[in-house]
Amino acid sequence: MTIAQATMEVDALLLDRAARRGLRGHGHVEPNPMVGCVGVDTEGHVVGERHHRIVGGPHAERLLIESCGHRLRNGTLYTTLEPCTHQGRTPPCTEAILEAGIRRVVIGCLDPNPEACGGADLLRSAGLDVEIIEHQPSQALSAIFRHRVTTGLPWVIAKWAQTLDGRLATRSGHSQWISSARSRRLVHRQRGRVDAILTGIGTVLADDPRLTARDGRRRRTARRVVVDPDLRIPRDAALLQTLGDAPLTIACSDSSHAGKPDRVTELAGAGVDVLPLPPVEGRLSMANLLVHLSGVHNCSTVLVESGPGLFGSLMQEGLVNEAMVFVAPILLGDGEAMPVLTGFAPGTIADGDSMTLRSMHRRDDDVLLRYGVSTGAGTSP
Ligand code: AOF
Ligand code: ZN
């Protein structure tokens, strides 16, 4: 192996470490990016690692530099995202890097934010040795941020629990519980890290869910969002009884909105955000809903916990970025039992939608599978 090859391997390993560290910010830093950094001194020793901890707080690079002091002089900074050049809520990281006398900066991916990018060129012009590496874990770490900056849409994670034969519920709609208690705890943890939880009126009528994060420590409070075209949500629905716990948006058709003014006034009076959506080819536009969640409610991440119709609509509109699937060792053996999604009828297997497997974990007797869905937006960690 040449010295250049060995350096590339070490660089990739240290960026891997920075990316793992950056993940700790999930649920704390959005809509800002998750970022991790590692500092190495002139002898090649790791002298510190830090991550971006909270939106509006100091960036990962500054936290690292503050924690390492003079030990980073002439050393190397590994960062998953290009250091920023701008004065935002915090001062530019490029300034801190220059002041610290760092000699080399290794970057896992460039900053898609036009206001903050350019750090690599700036540092290079100042005489530093700057390397930009195509580093998949760094790209995954900033995928949520990149997706919102480039499309204006939140990152959508479809979550479901299915039987081994691919069903969400029995034909009568019974589904409690398919996945194990341990799997369900993980879902509550995820609910406590996202900005919105999206479901359809079918799930509300069948399960009467609260869609709150009740297990584990919550990092943020997700807005509950129900797609209810005809405003059928019952007055005693748990979602309406728990408006003090988390906000609620109900998306309906613009015709129901116009046709049921008393119901709209009643819901709005209770504090519900009632959103009329125009029909697109006979269905409500999910893209419009996501634009509303991002633009009005500043949502970066949406967890979908829905039945087959809503999931099918989101897939058809190409709006799903990631799937989180719990497979339980149960067989229903019923062709009429509820499928995972509807709305597609490919003639051949090759015409089916394919996803990319990212990870698999055993949780008791369930298997958790995580998939990336290619909308051209990459994948998150
Ligand atoms: C972060 N954390 O560790 C890095 C970021 O408003 P500000 O000052 O927090 O600036 C946010 C921008 O800074 C963000 O959009 C991204 O382009 C860049 N880098 N941001 O929140 C970090 N390194
Ligand atoms: Zn910065």
Side-chain angles (χ1 to χ4, degrees), residues 11 14-15 17-40 47-69 72-73 75-152 154-155 294 298 300-301 377-378 380-381:
D11 285 351
L14 288 165
L15 276 178
R17 181 164 168 178
R20 276 198 303 277
R21 176 78 190 211
L23 257 184
R24 294 194 197 177
H26 184 35
H28 288 304
V29 302
E30 296 84 2
N32 277 25
M34 287 181 259
V35 181
C37 289
V38 170
V40 172
V47 288
E49 59 176 292
R50 285 292 184 273
H51 66 284
H52 186 219
R53 297 172 66 90
I54 190 85
V55 61
H59 292 177
E61 301 93 313
R62 272 190 185 270
L63 290 172
L64 180 78
I65 290 166
E66 275 164 24
S67 73
C68 293
L72 268 182
R73 184 153 292 277
T76 303
L77 168 80
Y78 290 86
T79 177
T80 57
L81 186 69
E82 180 182 26
C84 68
T85 51
H86 80 316
Q87 172 70 50
R89 278 167 286 202
T90 64
C93 289
T94 43
E95 260 174 24
I97 292 169
L98 294 173
E99 276 164 23
I102 290 167
R103 175 156 297 169
R104 183 163 180 259
V105 177
V106 182
I107 298 171
C109 76
L110 292 175
D111 190 339
N113 178 1
E115 283 169 22
C117 65
D121 286 345
L122 188 151
L123 294 171
R124 216 172 256 147
S125 319
L128 276 71
D129 173 12
V130 177
E131 309 253 3
I132 303 160
I133 293 184
E134 278 279 306
H135 185 244
Q136 203 279 329
S138 295
Q139 280 164 1
L141 193 69
S142 46
I144 295 171
F145 177 70
R146 180 178 308 278
H147 180 61
R148 183 132 180 267
V149 168
T150 54
T151 66
W155 184 264
S294 171
N298 201 17
S300 290
T301 45
S380 87

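Side-chain atoms are counted along with the backbone in the values below, which use heavy atoms only and exclude waters and symmetry mates. A quick note: this is a predicted structure, and the numbers were derived from the prediction, not measured.
- The nearest pair of heavy atoms linking Leu72 to Gly39 is CD2-CA, 3.8 Å.
- Residue Cys84 comes nearest to Glu61 through the heavy atom pair N-OE2, 4.1 Å, listed as atom of the first residue, atom of the second, then distance.
- In this structure the side chain of Val149 never reaches within 4.5 angstrom of the side chain of Asp111, judged on heavy atoms.
- Residue pairs meeting the side chain to side chain donor-acceptor pair (under 3.5 Å) criterion with at least one member in residues 112-121: none, sequence neighbours excluded.
- The structure places CG of Leu15 at 10.0 Å from CD of Glu131, a figure rounded to the nearest 0.5 Å.
- Expressed to the nearest 0.5 Å, how far CD of Glu49 lies from CG of Leu14 amounts to 9.5 Å.
- The CD1 atom of Ile102 lies 10.0 Å from the OG1 atom of Thr79; values are rounded to the nearest 0.5 Å.
- Residues passing the salt bridge (charged side-chain N to carboxylate O under 4.0 Å, His left out) test with Glu30 are Arg220, sequence neighbours excluded.
- His51 has its side chain out of reach of Met34: every pair of non-hydrogen atoms, C-beta onward, lies at least 4.5 Å apart.
- In this structure the side chain of Leu128 reaches within 4.5 angstrom of the side chain of Ile97, judged on heavy atoms.
- Interatomic distance, Arg73 CZ to Glu99 CD, rounded to the nearest 0.5 Å: 10.0 Å.
- Shown here for Tyr78 and Ala18, the closest heavy-atom pair between the two residues is O-CB, 4.4 Å.
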All N/O donor-acceptor pairs, side-chain side in residues 85-92, below 3.5 Å, sequence neighbours left out:
unit_1 : atom_1 : unit_2 : atom_2 : d
Thr85  : OG1    : Ala116 : O      : 3.1
Thr85  : OG1    : Cys117 : O      : 3.0
Arg89  : NH2    : Asn32  : OD1    : 3.0
Thr90  : OG1    : His59  : NE2    : 3.2

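- Closest non-hydrogen pair, Thr76 versus Val106, comes out as CG2-CG2, 4.0 Å.
- At a threshold of 4.5 Å between non-hydrogen side-chain atoms, the residues Leu122 and Leu98 count as touching.
- The line from CG of Leu64 to CG of Leu77 is 6.0 Å long, rounded to the nearest 0.5 Å.
- Counting non-hydrogen atoms of other residues, nucleotides and ligands closer than 6.0 Å to CZ of Arg124 gives a total above 12.
- Cys109 SG to Ile132 CD1: the interatomic distance, rounded to the nearest 0.5 Å, is 10.0 Å.
- Residues Arg148 and Asn298 meet the side-chain proximity criterion, which asks for heavy atoms closer than 4.5 Å.
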